[in-house]
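Below you will find the structure I want to go over with you.
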Amino acid sequence: MAHRSDEEHGAASPQIGEDPAPSAGVLPRISTSEINMGFHPEDPMEEPATASELPLNTAVSANVAAADASDIEWRTGQVHTTDEGITLMPTRANPVARRLLAKMWISDTPPTQALNIVERLQGTPYANPKVNDQQDASSRRTMEFALDLGETLIRYGAGALEVETSIIAVTAALGLSHLDVDITNQSLHLNYSPPDAESYSVLRVVRSYTSNYAGLVLVHELVSDIIAGGVSRSASAKRLKEITRRPKPFPRWIVASGRALFAAAFVLFIGGSWAGALVAMFSSSLVTQIGRYGSRWRVPEFFTIAVSTMVITGIALIGHQLHAPLDPALVVSGGILLLLPSGRFVSALQDAINGFPVTAVGRLFSASLTYGAILSGIAAALVISDAFGGEEVDVHQIVTTEYPAWLLVLLVAVAIAAGAVTEQSALRLLLPTVGIAVGGYLIQMLAEGIGLGERAVPAIVATVIGFAARFASDKLRTPQLVLAAPAVMFLLPGLMIFRAMYGIVINVDDMATGLVEMFNAMAIMLSIAGGVVFGETLCRPLTSNARRERRRIRRR
C-alpha cells in the first residue's frame, strides 16, 4: 500500500483544535433521476446541472431537472415537461419573458429617491416645458422674475397650485434647476440650491388683492409662451410689467352697471317681481359706492361688506313696510349674491385637495370672515327694523312669480354675463362663460325633474360646470377658475342665508331651524366648490397635454 508523503499527510491532517478543511469532490454527485430510481453509484458521474445549481433568476420546484443542451427547449429558453412528468427548466430565461418582467418590475427611479420638482407639472397646462440651459448664469434675475410672476398671480386671485406650477414651469424653461417653491397663504418663498455653488433664498409677501380675471388670463398666456421656448427672460419681464400696468377691461361705471343688472336678473330668476328687481338694482348701486369709498379710506373689507349687506337688507325692509309689490327676502338674496365669497371657497377647496393645507385654511378663514360679515349686516338691519317696530316678514311663505323656462334661461345668461363683468373677465371669455352657465342650468332643470335632492343638485351641476370650464380653458388658454367661478353664481343659496339669519335674529323660539338652514347653506357652498374641483379633475385626461403625454408614452 502506497504511503502519502509528509507534505500530503500534513495537509490532510488537521491540527488539534482546528476544523477539518473541506475537500472538494469527496462525496459523489447524485443525479435527480438516480434519486428517483433509488440508485446510488459508488463512483461520481458527470451530469447536467441540478435544479439547485440553476441561475438565481430561474424559479424551479423540487421535481425540476436541468434540460439537456441538445434539446430545442434549452436553446429557445422554453419550459418542457417529459413523459415521466418531470419539468425541464432551461438554464437561461426566455428573452421575451425577461423583457416583459423588466418592464413590469424594473424602474428607472428607485422608490426612495425624491421626485424631480418638474414632475409636479404633470396633469397641468404647463406639462413638459421646453428647457433652455443657456440662462443659468442669471439665476438671480430669473428668481426675481419668478417672484414677480407669482405675486401677480396671487393678487389676481389664482389658486396656490396655479401659482406653484407657473413658477416651476417658468424657472425650468429658463434653465434654472435645483429650485424649491413654498407658498404659504400670502407669502411666496423660493430657495435655489445648486450642487456646485452656494444656495440662497428670496421671499415675497402679497398684501393686496384685486379682481382682474383678464390680467390672470394674460399671465397664463405669458407662462404658456415661455414654456414653449419662444420668449426670453428679459422679454418676459417686460411683458409682465405691461400686464400689471394695463388698465382693467371695463371701467368703473360698467362694473357698477353690471352689478346692478346682475342683482335685478337674479331677483327675477328666483321668482321676484319687477318692482323687487328695480329695488335690487338701486341697492346694488349703493353697494358699489360703499365699496369704492371703503377702499379709498382703507376700511377693512369685513366692515365694508357688513355695511353693504345692512344697506341692502334695510332698503328691502323699507320697501316691505311701504307695502311695495316685492318680497324682501328675494330682494336681499339678489343683492348679497355678489358679496358671497364663491371664488375664495373654490380656491380654498382646490388648495386643500392639491396639497396646500395651510394656504387652504387661510383662504377658508378669510372666506368665512366675509360670510360672517354678510350675516352681521343682515342681523344688524333686522334688529334695527324690529327696534323701530317694523312689520315682521314671513320667510316661510315667500310669494314667488312663475316665469317661462325660456325667460329663466335668458335671465341666467344675463346674470352670469353681468357677474363676469364685475370680476373684470376678458371680453372674449364672456360668451364661453355664459354658455357654460346655461348648460349647467339645463342640467339643473333635468336633475330637479328627476327628483334629486336640493343638496345633491348643486354638487352635480357644479361638477358639470367644472368639467366644461376645464375643457374650454384648455382650448382658450385660460385658467379654469376664470370660467368656473362666474358660471356657478346662480347656484349660490342667497335666499337660504336670509331665511336662516331671520330665524336666528327675529324668531328666537325657532332658532334651531335657523341654525340648521345656516349649516345647510354653508354645506351647499362647499359642495359647489368641491364639485368645481372634482369636475376639473375628471377632465384632466381629456386635455391636450394629457393626450400628448399618452402619445409620447406609446412611442417609447
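Only this structure's heavy atoms are used, side chains among them; waters, hydrogens and symmetry mates stay out.
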Might you point out which heavy atoms bring V434 and A413 nearest each other, and give the distance in Å? CG1-CB, 3.6 Å
Can you tell whether the side chains of D148 and K241 come within less than 4.0 Å, N to carboxylate O? no
Counting only N and O atoms by type, is there a donor-acceptor contact under 3.5 Å from the side chain of S385 to the main-chain atoms of A381? no
Here the gap from T400 atom OG1 to L495 atom CG, rounded to the nearest 0.5 Å, amounts to 9.5 Å
Less than 4.5 Å apart, any side-chain heavy atom of V231 and any of R239? yes
Heavy-atom closest pair, residues I524 and L491: CG2-O, 4.5 Å
Measuring from atom OG1 of T304 to atom CD1 of I290, what distance do you get when rounded to the nearest 0.5 angstrom? 8.5 Å
Checking side-chain contact (heavy atoms from CB on, under 4.5 Å) against R259, which of V421, I254, T288 comes through? T288
Under a 4.0 Å threshold between the charged nitrogen and the carboxylate oxygen, would E221 count as salt-bridged to R477? no
Side chain of S187, backbone of T184: donor and acceptor closer than 3.5 Å? yes
Looking at F519, I want to see if its CZ is surrounded by more than 12 non-hydrogen atoms of other residues, nucleotides or ligands under 6.0 Å. no
For residues K248 and T210, is any side-chain donor paired with an opposing acceptor at under 3.5 Å? yes
Would L218 and R246 count as a side chain to side chain contact (heavy atoms under 4.5 Å, CB included) here? Give the steps. CA-CA 10 Å; L218 293 176; R246 178 178 298 185; 3.2 Å; yes
Is there a side-chain contact between S273 and D327, using heavy atoms and a 4.5 Å cut-off? no
State, yes or no, whether a side-chain contact exists between S285 and F282 at a heavy-atom distance under 4.5 Å. no
Whether the side chain of Q480 engages the backbone of S473 through a donor-acceptor N/O pair (distance < 3.5 Å, no angle test) should be reported. no
Taking all atoms of both residues into account, what is the closest heavy-atom pair of G150 and I167, and its distance? CA-CD1, 4.1 Å
Test log, rule side chain to side chain contact (heavy atoms under 4.5 Å, CB included), inputs W406 and L408: CA-CA 5 Å; W406 65 269; L408 294 178; over 6 Å; no
Tell me, with the steps shown, if S208 and R155 meet side chain to side chain donor-acceptor pair (under 3.5 Å). CA-CA 6 Å; S208 62; R155 287 187 67 246; 3.0 Å; yes
Mark yes or no for whether N354, through its side chain, and L161, through its backbone, hold a donor-acceptor pair below 3.5 Å. no
Side-chain heavy atoms of E392 within contact of H320, under 4.5 Å: no
Enter the distance from I154:CD1 to I183:CD1 here, rounded to the nearest 0.5 Å. 5.5 Å
Kindly state whether the ring of F262 and the ring of F269 have centres lying under 6.0 angstrom apart. no
Regarding E536 and Q350, is there a side-chain donor-to-acceptor distance under 3.5 Å anywhere? yes
Measure the shortest side-chain to side-chain distance between P486 and Y213 over non-hydrogen atoms and say whether it is less than 4.5 angstrom. yes
Taking everything shown except F302 itself, do over 12 heavy atoms lie less than 6.0 Å from its CZ? yes
Note: A529 and L349 closest approach over all heavy atoms is CB-CG, 3.9 Å
Spacing of L174 atom CG and S232 atom OG [to the nearest 0.5 Å]: 8.5 Å
Would you say S425's side chain and A420's backbone share a donor-acceptor pair under 3.5 angstrom? no
Taking the inter-plane angle between the rings of F498 and Y502 on a 0 to 90° scale, is it parallel (under 30°), tilted (30 to 60°) or perpendicular (over 60°)? tilted
Please report the interatomic distance CD1(I305) to CG(L369), rounded to the nearest 0.5 Å. 9.5 Å
Let me see the working for M489 and E423 under side chain to side chain contact (heavy atoms under 4.5 Å, CB included), right down to the final yes or no. CA-CA 12 Å; M489 286 183 178; E423 296 292 344; 4.1 Å; yes
L188 vs V206, test: side chain to side chain contact (heavy atoms under 4.5 Å, CB included). Steps then yes/no. CA-CA 8 Å; L188 181 60; V206 183; 5.7 Å; no
If we ignore angles and hydrogens, is there a donor and acceptor under 3.5 Å between the side chains of S527 and R455? no
To the closest 0.5 Å, what do you measure between CD (E402) and CG (L407)? 11.5 Å
If I compare all heavy atoms of S236 with all of L222, which pair ends up nearest, and what's the gap? O-CD2, 3.9 Å
Assess the side chains of S366 and R344: does a donor N or O sit below 3.5 Å from an acceptor N or O? yes
So for atom OH, which belongs to Y209, do other residues, nucleotides or ligands contribute more than 12 heavy atoms lying within a distance under 6.0 Å? yes
V267, I315, I312 screened by side-chain contact (heavy atoms from CB on, under 4.5 Å) with V279, the one that passes: I315
Counting only N and O atoms by type, is there a donor-acceptor contact under 3.5 Å from the side chain of T422 to the main-chain atoms of G419? yes
Which atom pair, heavy atoms only, marks the closest approach of A367 to P341? O-CG, 3.4 Å
Does D386 use its side chain to pair, donor to acceptor, with the backbone of L382 at less than 3.5 Å? no
State, yes or no, whether a side-chain contact exists between F345 and M525 at a heavy-atom distance under 4.5 Å. yes
Flag, side chain of T359 to backbone of N185, donor-acceptor distance under 3.5 Å: yes
Are L149 and V223 side-chain neighbours, meaning at least one heavy-atom pair lies under 4.5 Å? yes
Check whether any side-chain heavy atom of F490 lies under 4.5 Å from a side-chain heavy atom of V488, and answer yes or no. no
If we ignore hydrogens and angles and just use 3.5 Å, is the side chain of T537 paired with the main-chain N or O of V533 as donor and acceptor? yes
